[in-house]
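Because the structure is a prediction, the values reported are computed rather than measured. For ligands, and for the atoms within them, numbers begin at 1 and follow the listed sequence. Only heavy atoms go into these numbers, but all of them, side chains included; no hydrogens, no water, no symmetry mates.
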Amino acid sequence: MPIVLIVAEQQPDGNLRKASLNAITAGKQLADKAGAELHIAILGKDPAKVAEELKGTGAKAVHVGAAAELEHYLAETYAPALAALATELKADFVGMASTAQGKDLMPRLAARLKAAMATDITGLGGSGADIIFNRPMWAGNVFAEVKLNTPVKVFTVRATEFTAAAGGQGAAEVKTFAPKIEASKTKFVEFKEVKSARPELTEARVVISGGRGTKGDFKEIEALADDLGAAVGASRAVCDAGWVPNDLQVGQTGKVVAPALYIAAGISGAIQHLAGMKSSKTIVAINKDAEAPIFQVADYGIVADLFKVLPELRSELQKLK
Ligand SMILES: Cc1cc2nc3c(=O)[nH]c(=O)nc-3n(C[C@H](O)[C@H](O)[C@H](O)COP(=O)(O)OP(=O)(O)OC[C@H]3O[C@@H](n4cnc5c(N)ncnc54)[C@H](O)[C@@H]3O)c2cc1C
């Protein structure tokens, strides 16, 4: 029986990265279409706790590879270990969420497995040996249907397009394996985390983003975010100006989000920005310029100064509370 292997990801704090659950759902859909078995792999220094969480998500087996050399993620150490596992399992498909780690690791793995690769898939079609991967191109303005013709096929999953796999779906067999460790030319030096009490951008139900129209003053945006329990995002113009950290960037070269509510304040709506938020359920735009392209994708729009609108919005919200 063909095998779909989904690679789960452990965060630096030891917890499972939530996007892995969305990738597992994609893996499940693929396994159904291809008549395959779903397997999950997790690597790390001590991935046992995460493996326990993965056990109930509906896979046939969870492969756990623990090694001291895998304490900090490096593509150079993870790729050989995963390639050896995929080869031993004779996996036909290997996939992972399109996170920073997934984007770094999967192409290297694909090269090792001599596999063709589809990045950032948003859907699946076809059946049996004829699987079609849907993926956005040109900043989300074109959707391609891709067929991979190599024996092993590698892909990354756009997490916002698949629901998260729930737990409690029976217990997968947990199998430990000894990861193949190769000498690495790169070395982990330091991890600098941006500490925030707000929810993670890609996991938040509500996102409030500021653009160049804020002129770098994010106080009102942050205050509204705190009132709503929302995450703060930004356009590239804002990150490039150094007004907020880069990890808040939404868009083609930043993060892709699809929250229930996306509020864009002082953002013009360049295609590269829309590529990262177009799939949000409800989009609200606040912009002084009625001709701004953001209004073409907004469900609700206000043509006004954001420094007037945001405080008013907050005081109306206070009244409702
Ligand atoms: C290869 C490539 C990749 C890129 N990737 C990304 C990406 O990932 N994410 C991204 O965001 N961009 C990306 N960009 C940049 C993108 O093209 C735009 O330059 C950028 O999104 C513009 O940011 P902005 O909307 O904040 O600024 P602007 O385009 O300058 O828009 C500012 C808006 O604020 C409004 N405004 C001004 N003052 C106020 C006020 N007081 N109240 C209300 N509105 C006000 C103005 O009317 C204007 O519409 C990329 C570009 C390239 C070439």
Legend entry - Those atoms of ligand 1 less than 4.0 Å from some heavy atom in Gln252: 7 (C), 8 (O)

Legend entry - Exercise check, heavy-atom protein proximity under 4.0 Å to atom 11 (O) of ligand 1: yes

Inset, instruction - Report yes if Gly266 has an N/O atom closer than 3.5 Å to an N/O atom of ligand 1; otherwise report no. - result: yes

Legend entry - Distance-only side-chain donor-acceptor flag, Thr253 / Gln272, under 3.5 Å: no

Inset, instruction - List, by chain and number, the other hydrophobic cluster members for Leu54, where Ile, Leu, Val, Met, Phe, Trp and Tyr join if side-chain heavy atoms come within less than 4.5 Å, directly or indirectly. - result: Val4, Ile6, Leu16, Leu21, Ile24, Leu30, Leu38, Ile40, Ile42, Val50, Val62, Val64, Phe93, Ile121, Leu124, Ile131, Phe133, Val146, Leu148, Phe155, Val157, Phe162, Val174

Legend entry - Atoms of ligand 1 close to Ala304 [distance to a heavy atom under 4.0 angstrom, numbered from 1]: 42 (N), 43 (C)

Inset, instruction - Indicate whether the side chain of Asp120 and that of Ser98 have a donor and an acceptor atom separated by less than 3.5 Å. - result: yes

Legend entry - Contacts of Tyr73 that satisfy ring-ring contact (aromatic ring centres under 6.0 Å, His included) - sequence neighbours left out: Tyr78

Legend entry - ligand 1 contact on Ile271 by region, counting heavy-atom pairs under 4.0 Å: neither

Legend entry - For Gly211, atoms of ligand 1 separated by under 4.0 Å from a heavy atom: 26 (O)

Legend entry - Test of proximity, Val238 against ligand 1: N or O pairs below 3.5 Å: no

Inset, instruction - Note the single closest protein heavy atom to atom 31 (O) of ligand 1, along with its residue, its atom name and the distance in Å. - result: Ser268 CB, 3.3 Å

Legend entry - Residue portion contacting ligand 1 (non-hydrogen atoms closer than 4.0 Å) for Ala270: side chain

Inset, instruction - Going by heavy-atom distance to atom 22 (C) of ligand 1, choose the closest among Gly251, Ala237, Ala275. - result: Ala237

Legend entry - N or O pair under 3.5 Å between Leu306 and ligand 1: yes

